[in-house]
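The next block holds one structure in the form of structure tokens; read it before the comments.
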Protein chains: 2
Amino acid sequence: MGISKTELFTKKQNELANIARVLGHPARIAILQHLVKINACICNDLVAELGLAQPTISQHLKELKQVGLIQGSIDGTSVCYCIDPKVWEKYKKLFGEFFVEIKAIDKSGCGPDCC
Amino acid sequence: MGISKTELFTKKQNELANIARVLGHPARIAILQHLVKINACICNDLVAELGLAQPTISQHLKELKQVGLIQGSIDGTSVCYCIDPKVWEKYKKLFGEFFVEIKAIDKSGCGPDCC
DNA sequence: CTGTTTAATCGTAATATTGCAATGAAACGA
DNA sequence: TCGTTTCATTGCAATATTACGATTAAACAG
């Protein structure tokens with residue numbers, strides 16, 4: 001990301017940006033959508049499913065785990081992953097709050113061609 | 001981002017990831033929140049507001065413009081920025097669709113300690 | 001025309017991300 | 001015990017991001 005001046009922003013802004021950053025890769029979107037669709041723990045058929053190498057998938061899973069969106073539990077030699085519904089709801093709410101309704105624009109103080 | 005294998009994913013997955021990526025920086029979150037709050041076109045008091053250098057703000061604005069979230073219109077020597085409500089609603093919907101309700105987890109096929 | 005203001009662009013240094021081959025580590029079956 | 005399976009970790013190359021100083025471009029005031 002290059003260095004990022006997190007100290008300039010509020011905790012909530014940094015948190016939202018961080019979640020968005022994690023969602024900012026199609027592989028991680030695809031992993032989450034697959035986990036939602038399967039609606040169960042899955043072990044790593046994700047590698048076959050997505051077409052990325054195993055270490056790459058593992059790395060993406062790690063990032064998803066770090067923000068709490070998914071949990072992994074060991075089941076023999078394999079690992080089951082599933083979405084943490086609580087965290088999922090939390091972030092759903094966070095994005096919902098961010099995308100507030102946009103009201104009509106007040107053009108006072110702007111030029112005639114403004115927006 | 002390093003190279004990213006966009007061809008492995010659907011158009012919608014790539015689109016959502018791209019928007020999320022753009023939202024994945026606190027400065028851009030702060031810019032959007034300010035524009036929403038002001039509810040009008042603003043010229044670049046953003047530089048004073050955020051505490052980042054002018055070229056840096058300009059770069060962030062460029063990214064927000066590229067995904068269509070904001071528009072800029074020239075007003076003399078300054079530029080007015082405001083949110084594009086249509087695009088805003090579009091992305092709001094996109095995230096809403098992504099964050100579907102999570103149902104109770106079906107543990108069949110998983111080990112006893114699974115998730 | 002000259003100087004000022006505002007914002008985009010260029011160039012660059014520092015840092016982060018992505019993807020994967022190679023390697024480890026842990027659990028299992030025979 | 002030994003080989004196998006599954007996944008995490010390490011190390012690295014290629015690329016992207018972030019931030020900003022310097023510069024440029026455009027509109028304006030005088």
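Below, read A as the first sequence line, B as the second, and so on, with proteins coming before strands; counting in each chain starts at 1.
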Open item on the list: I want to check one thing: is the phosphate of C:dA16, taken as OP1 and OP2, less than 4.0 Å away from some side-chain N or O of A:R21?
Closed with: no

Between [atom2] on [N] and [atom1] on [X], what's the gap in Å once rounded to a whole number?
| X | N | atom1 | atom2 | result |
| --- | --- | --- | --- | --- |
| A:K5 | C:dA13 | NZ | P | 18 Å |
| A:H25 | C:dT17 | NE2 | C1' | 8 Å |
| B:I29 | D:dT18 | CD1 | C1' | 16 Å |
| B:E49 | C:dT6 | CD | P | 16 Å |
| A:Q66 | C:dT17 | CD | P | 10 Å |
| B:L52 | C:dA8 | CG | C1' | 17 Å |
| A:I74 | C:dC28 | CD1 | P | 10 Å |
| A:D75 | C:dC28 | CG | P | 9 Å |

Task: A:K12 side chain reached by B:I29 side chain, heavy atoms, under 4.5 Å - done: no

Open item on the list: Side chain of A:A53 only, heavy atoms from C-beta on: which candidate in C:dC20, D:dA19, D:dT5 is closest?
Closed with: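 The answer is C:dC20, which lies nearest to the side chain.
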
- [ ] Give the ring-plane orientation class for A:H25 versus B:F9, where under 30° counts as parallel, over 60° as perpendicular and anything between as tilted.
- [x]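 Taking B:F9 first and then A:H25, their aromatic rings stand perpendicular (interplane angle over 60°).
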
TODO: Among B:L69, B:L46, B:I83, find the residue that satisfies the side-chain contact (heavy atoms from CB on, under 4.5 Å) test when tested with B:I31.
DONE: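 For B:I31, the side-chain contact (heavy atoms from CB on, under 4.5 Å) test succeeds with only one of B:L69, B:L46, B:I83, which is B:L46.
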
Task: All side chain to side chain donor-acceptor pair (under 3.5 Å) counterparts of B:K62, not counting sequence neighbours - done: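 Side chain to side chain donor-acceptor pair (under 3.5 Å) list for B:K62, sorted by chain: empty.
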
Open item on the list: I'd like to know if the side chain of A:N14 reaches the main chain of A:T6, judged simply by a donor and an acceptor atom lying under 3.5 Å from each other, with no hydrogens or angles considered.
Closed with: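 Present.
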
- [ ] Kindly compute the distance separating NZ (A:K92) from CD1 (A:I19), expressed to the nearest 0.5 Å.
- [x] 16.0 Å

- [ ] List in numerical order all residues of residues 54-65 of chain B for which some heavy atom is under 4.0 Å away from an atom belonging to DNA chain D.
- [x]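 DNA chain D contact set from residues 54-65 of chain B: B:P55, B:T56, B:Q59, B:H60, B:E63.
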
